[in-house]
Every structure is written in structure tokens, then in C-alpha cells.
Asks: 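Sharing a structure here in C-alpha cells format.
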Amino acid sequence: QVQLVESGGGLVQAGGSLRLSCAASGRSFSDYAMGWFRQAPGEEREFVAAVTRNRARTLYSDSVKGRFTISRDDAKNTVYLQMDSLKPEDTAVYFCAASLDGRSTHRVVIGYDYWGQGTQVTVFS
């Protein structure tokens with residue numbers, strides 16, 4: 001029903017920056033809460049950041065707070081994750097997700113209804 005496509009991942013040196021994008025299909029993007037998760041090899045999928053509809057609230061994991069910024073452009077059906085001061089431990093596949101419950105910043109995988117395929121972020125020192 002909803003397709004999400006991440007882009008912007010790549011290889012970056014520690015201390016550098018990347019900007020991830022997630023483009024959504026459909027006409028209801030502005031109604032969704034949007035989130036970013038990441039998953040490293042052998043690890044569970046981990047919450048990174050979320051933003052509600054109307055950009056009323058944002059939420060970040062403690063590990064990225066102050067370094068990452070989530071934003072959305074409803075006119076472009078796109079959510080972004082600006083990642084600064086990257087660390088090797090940020091290395092993971094990053095996924096965007098959409099929740100039909102647009103008013104909440106969901107921290108858990110079960111809170112989201114649609115998922116992208118992910119984009120690889122690798123940070124080297």
C-alpha cells in the first residue's frame with residue numbers, strides 16, 4: 001500500500017556527516033508518523049528517531065541525541081535523517097518506517113505499518 005525507499009547511505013569517516021532520505025509513495029504521507037531504525041549485523045533492529053505528523057514532536061534515542069536530526073517535507077513526501085559527528089558504532093543498515101498512528105513517536109518496531117528496504121551506512125576510523 002505504501003512504499004518507502006531510503007537513499008543517501010554510504011561510506012564515511014568518523015566525525016563526518018551523511019544525510020539519509022526516505023521517499024514515500026501515496027497521498028497520505030502527511031498523516032503518518034515517521035521513524036528511523038537501524039540494524040547492525042547480529043543485532044536487533046534499534047530505534048533511532050521519530051517525528052509525528054505536523055512535526056509536532058520528535059524523539060531520539062539517547063545514543064544519537066545531539067548528533068542526528070530527523071525532519072520531514074510533506075510537500076515532497078520525504079523524511080530525512082541528518083547524521084553528524086558519526087561514530088563507527090553508527091554503522092548499520094538504516095530503515096525508514098511509517099505509522100498510521102500519526103500523533104505518536106513510536107519507539108518500537110510494532111508501532112509501524114510500513115518499512116523501506118534499508119540503506120547501508122558504514123563509518124570507519
Side-chain angles (χ1 to χ4, degrees):
Q1 184 69 29
V2 176
Q3 292 182 332
L4 305 172
V5 180
E6 303 95 336
S7 62
L11 184 67
V12 63
Q13 191 170 22
S17 297
L18 283 174
R19 183 177 176 86
L20 305 184
S21 299
C22 175
S25 67
R27 65 181 186 179
S28 299
F29 177 81
S30 62
D31 293 330
Y32 307 148
M34 299 296 298
W36 287 96
F37 288 73
R38 65 188 183 187
Q39 188 166 22
E43 302 289 335
E44 295 183 350
R45 195 163 295 189
E46 174 191 24
F47 172 77
V48 175
V51 59
T52 62
R53 72 185 189 190
N54 302 317
R55 305 180 308 279
R57 294 185 298 279
T58 57
L59 185 68
Y60 299 92
S61 69
D62 290 341
S63 62
V64 308
K65 189 176 300 181
R67 299 188 298 120
F68 291 10
T69 304
I70 189 171
S71 61
R72 65 192 298 163
D73 187 339
D74 290 347
K76 297 181 179 179
N77 275 23
T78 302
V79 63
Y80 304 95
L81 186 68
Q82 177 68 43
M83 305 185 295
D84 298 321
S85 301
L86 283 162
K87 305 174 181 179
E89 51 262 45
D90 295 318
T91 294
V93 177
Y94 283 71
F95 300 88
C96 65
S99 174
L100 299 179
D101 179 11
R103 293 175 291 182
S104 298
T105 50
H106 306 281
R107 293 178 178 268
V108 295
V109 168
I110 195 65
Y112 294 87
D113 301 282
Y114 304 103
W115 292 85
Q117 293 298 305
T119 185
Q120 176 70 47
V121 172
T122 302
V123 184
F124 65 93
S125 60

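Small disclaimer: the values here were computed from a predicted structure and weren't measured.
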Asks: To the nearest 0.5 Å, tell me how far Ile70 CD1 sits from Met34 CE.
Replies: 7.5 Å
Asks: Testing the basics here: between Thr78 and Ala23, what is the closest heavy-atom pair and its distance to 0.1 Å?
Replies: OG1-CA, 4.2 Å
Asks: Sequence neighbours excluded, which residues qualify as ring-ring contact (aromatic ring centres under 6.0 Å, His included) partners of Tyr60?
Replies: none
Asks: For side-chain contact (heavy atoms from CB on, under 4.5 Å), just list the numbers for Glu46 and Gln39, CA-CA rounded to whole Å, side-chain angles, deciding distance to a tenth of an Å, and then say yes or no.
Replies: CA-CA 6 Å; Glu46 174 191 24; Gln39 188 166 22; over 6 Å; no
Asks: Got a sec, which pairs hit ring-ring contact (aromatic ring centres under 6.0 Å, His included) with one end in residues 91-110, sequence neighbours left out?
Replies: His106-Tyr112
Asks: Between side-chain atoms of residues 5-18 and protein atoms elsewhere (two or more places apart, or another chain), which donor-acceptor pairs fall under 3.5 Å?
Replies:
{"unit_1": "Glu6", "atom_1": "OE1", "unit_2": "Gln117", "atom_2": "N", "d": "3.1"}
{"unit_1": "Glu6", "atom_1": "OE1", "unit_2": "Gly118", "atom_2": "N", "d": "2.8"}
{"unit_1": "Glu6", "atom_1": "OE2", "unit_2": "Cys96", "atom_2": "N", "d": "2.9"}
{"unit_1": "Glu6", "atom_1": "OE2", "unit_2": "Gly118", "atom_2": "N", "d": "3.2"}
{"unit_1": "Ser17", "atom_1": "OG", "unit_2": "Asp84", "atom_2": "OD1", "d": "2.8"}

Asks: To the closest 0.5 Å, what do you measure between CG (Asp73) and OG (Ser30)?
Replies: 11.5 Å
Asks: Just wondering, do Lys87 and Ser125 contact through their side chains at under 4.5 Å, heavy atoms?
Replies: no
Asks: In Å and rounded to the nearest 0.5 Å, what is the CG to CG distance from Asp31 to Asp74?
Replies: 9.0 Å
Asks: Do Cys22 and Tyr80 have side chains that approach each other closer than 4.5 Å (heavy atoms only, starting at C-beta)?
Replies: no
Asks: Measuring from Glu89:CD to Arg38:CZ, what's the distance to the nearest 0.5 Å?
Replies: 8.0 Å
Asks: When you measure from the side chain of Arg45 to the backbone of Val108, do you find a donor-acceptor pair of N or O atoms at a distance under 3.5 Å?
Replies: no
Asks: Of all heavy-atom pairs between Leu100 and Tyr114, which one has the smallest distance, and what is that distance?
Replies: CD2-CE1, 4.0 Å
Asks: For the CD atom on Gln3, are there more than 12 heavy atoms of other groups (residues, nucleotides or ligands in this structure) within a distance under 6.0 Å?
Replies: no
Asks: Would you kindly check if the NZ (Lys) or CZ (Arg) of Arg53 is within the cone defined by 45 degrees around the ring axis of Tyr32 and under 6.0 Å from the six-membered ring centre?
Replies: no
Asks: Work out which heavy atom in Leu81 is nearest to a heavy atom in Val48; give both atom names and the distance.
Replies: CD2-CG1, 4.2 Å
Asks: Do you reckon Phe47 sits in the same ILVMFWY cluster as Val64, going by side-chain contacts under 4.5 Å, direct or chained?
Replies: no
Asks: With distance as the sole test, does Thr105 use its side chain to make a donor-acceptor pair with the main-chain N or O of Thr58 at under 3.5 Å?
Replies: no
Asks: Heavy-atom distance under 4.5 Å between the side chains of Val2 and Asp113, does that happen here?
Replies: no
Asks: Does a side-chain heavy-atom distance below 4.5 Å link Phe124 with Thr91?
Replies: no
Asks: Tell me whether the count of non-hydrogen atoms from other residues, nucleotides or ligands lying under 6.0 Å of CD in Gln1 goes above 12.
Replies: no
Asks: If you take all heavy atoms of Ala33 and Asp101, which pair is closest and at what distance?
Replies: CB-O, 3.6 Å
Asks: Should we count CZ of Arg19 as having more than 12 external heavy atoms under 6.0 Å?
Replies: yes
Asks: Mind checking the NZ-CZ spacing from Lys65 to Arg67? Nearest 0.5 Å is all I need.
Replies: 12.5 Å
Asks: To the closest 0.5 Å, what do you measure between CZ (Phe37) and CZ (Arg107)?
Replies: 10.0 Å
